[in-house]
Amino acid sequence: MEQQDNDIISRMNDKFARMSKSHKAIAAYISDYYEQAVFMTAAKLGETIGVSESTVVRFATGLGYDGYPEFQRVLEEWVKNKLNKVQKIGAKYGKSTQSELLSSVLGSDIEKIQDTITNLDPVAFQAAVDTILKARTVYLIGLRSCEPLAEFLNFYLNMIRDHVILVKTTSVTELFEQMMRINEKDAIIGISFPRYSMRTLKAMEFASDRNAKVITITDSIHSPMNLYSSCNLLARSDMVSIVDSLVAPLSVINALVVALCLKRPEEVKNNLESLEDIWNNYQVYLNDEINFIDEEPILYYPLKKDVHEE
């Protein structure tokens, strides 16, 4: 087999858009449940997904492998390499003091934010803001390690506008059930970073097929998330340890929230006042909690005059 530079997951991502429906189902399962898939025979994998053994074999050969045994061997090597990262991190930071470790990780995150500032397209950012404001319904999806980012954005979008749906799912079937009404009047924001979630990718494809506006928050122009999106917000996310650094993506989401609030300040203020009335009436917060609304503007982010938009 011809040697390729990208790993097995990247290879599936690269070919995903051209796969048949059954092959996409296999790719999605392997990407999301590789810990289990690595031990499965072709027959067992097909039975689990609901396709034939021969379909699984054709999937492996379609990726460029000589057959399923070679595909399984390469997948096993990929899983081992992923687990070995724990040992590599131990070798790199094992002799560092806690102070050195803290400085190293925070310095790396600062670098990612600076890189994001340089490479994020302001035109795409403005398009994302306009799309979110104009959409009838905004769907959000971020799975696995990206789920907290989607939940954070969902929390604040609900304070800015109505008709926001956070897609939460453990299977592709549940995903489509929650998105069955999406159409050209709606928008979806998909959040995914390596390892890209195939379920998120299928959601983007479904939304695109329904002519919905598609916004992605991902790491690079080479991300498979961009296959179905016309508005890509790129935020650098590398692995400084065994966990993904999501500081830069969260900063981009913060910027989105601020921009949206500045576009609809009165509506946001009214929503917050209504929430505070509800909290007071139903004693959600005690009297010693910090007041959420004061006499000052609800948001104050000083902007340079030359980039400030009315």
Side-chain angles (χ1 to χ4, degrees), residues 1-92 142-146 170-172 175 190-205 216 218-228 236-246:
M1 184 190 68
E2 182 179 349
Q3 186 70 27
Q4 296 190 18
D5 293 333
N6 55 353
D7 62 41
I8 189 169
I9 301 298
S10 297
R11 192 180 299 194
M12 289 193 298
N13 288 336
D14 292 341
K15 294 179 178 290
F16 185 82
R18 301 184 296 278
M19 290 181 184
S20 65
K21 290 183 178 180
S22 57
H23 284 194
K24 285 179 179 177
I26 298 171
Y29 183 85
I30 292 173
S31 180
D32 287 341
Y33 304 104
Y34 59 87
E35 300 96 334
Q36 292 84 9
V38 70
F39 298 109
M40 294 182 179
T41 63
K44 180 61 177 177
L45 181 58
E47 178 185 351
T48 302
I49 299 170
V51 300
S52 66
E53 179 180 359
S54 60
T55 299
V56 175
V57 174
R58 286 195 296 271
F59 170 81
T61 57
L63 289 176
Y65 300 103
D66 293 335
Y68 185 78
E70 184 185 16
F71 169 84
Q72 190 175 36
R73 177 182 60 78
V74 174
L75 179 62
E76 182 179 357
E77 290 176 357
W78 183 86
V79 172
K80 285 181 179 178
N81 288 335
K82 186 174 180 64
L83 295 176
N84 285 340
K85 286 183 178 179
V86 178
Q87 297 175 344
K88 293 178 182 178
I89 293 303
K92 181 177 180 180
L143 303 178
R144 298 177 71 93
S145 62
C146 293
T170 56
S171 72
V172 175
L175 183 153
I191 308 172
S192 190
F193 295 84
R195 274 183 322 112
Y196 306 104
S197 167
M198 285 291 183
R199 282 177 290 161
T200 301
L201 194 59
K202 289 178 79 68
M204 310 298 277
E205 180 185 19
T216 62
T218 190
D219 66 315
S220 79
I221 58 174
H222 304 295
S223 168
M225 293 284 288
N226 300 335
L227 290 170
Y228 307 107
R236 184 175 163 191
S237 173
D238 297 333
M239 291 186 69
V240 70
S241 65
I242 60 172
V243 297
D244 297 321
S245 172
L246 298 176

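- In this structure the side chain of Phe71 never reaches within 4.5 angstrom of the side chain of Val57, judged on heavy atoms.
- Salt bridge annotation for Glu70-Arg73: present, with a cationic side-chain nitrogen under 4.0 angstrom from a carboxylate oxygen.
- Closest non-hydrogen pair, Thr55 versus Ser22, comes out as CG2-OG, 3.6 Å.
- The shortest non-hydrogen separation linking Ala27 to Met198 is O-CG, 3.5 Å.
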>> Go through it in stages, so that I can follow the logic: the residues are Lys15 and His23, the test is side-chain contact (heavy atoms from CB on, under 4.5 Å), and I'd like the CA-CA distance, side-chain angles, deciding distance and then a yes or no.
In response: CA-CA 10 Å; Lys15 294 179 178 290; His23 284 194; over 6 Å; no
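- Once rounded to the nearest 0.5 Å, the distance linking NZ of Lys202 with OG of Ser197 reads 11.0 Å.
- A donor-acceptor pair under 3.5 Å is absent between the side-chain atoms of Asn226 and the main chain of Thr216, judged by distance alone.
- Side-chain atoms of Thr218 come within 3.5 Å of backbone N or O of Ser192 as a donor-acceptor pair.
- Listed here is the closest heavy atom pair of Met12 and Met19: O-CE, 3.6 Å.
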>> With side-chain contact (heavy atoms from CB on, under 4.5 Å) as the criterion, how do Trp78 and Val74 come out once you've worked through the C-alpha distance, each side chain's angles and the decisive distance to 0.1 Å?
In response: CA-CA 6 Å; Trp78 183 86; Val74 174; 5.6 Å; no
Indicate every side-chain donor-acceptor pair of residues 37-51 with a distance under 3.5 Å to a residue at least two apart or in another chain.
from  : atom 1 : to    : atom 2 : distance (Å)
Thr41 : OG1    : Lys44 : N      : 3.1
Thr48 : OG1    : Lys44 : O      : 2.8

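- Between Phe193 and Met225 the shortest side-chain heavy-atom distance does not fall below 4.5 Å.
- With a 4.5 Å cut-off on side-chain heavy atoms, Tyr29 and Gln36 count as touching.
- Once rounded to the nearest 0.5 Å, the distance linking CG of Leu143 with CZ of Arg199 reads 5.0 Å.
- Here the CD1-CG distance, from Ile30 to Leu63, works out to 8.0 Å after rounding to the nearest 0.5 Å.
- Checked by atom type, the side-chain pair Thr61/Arg58 shows no donor-acceptor distance below 3.5 Å.
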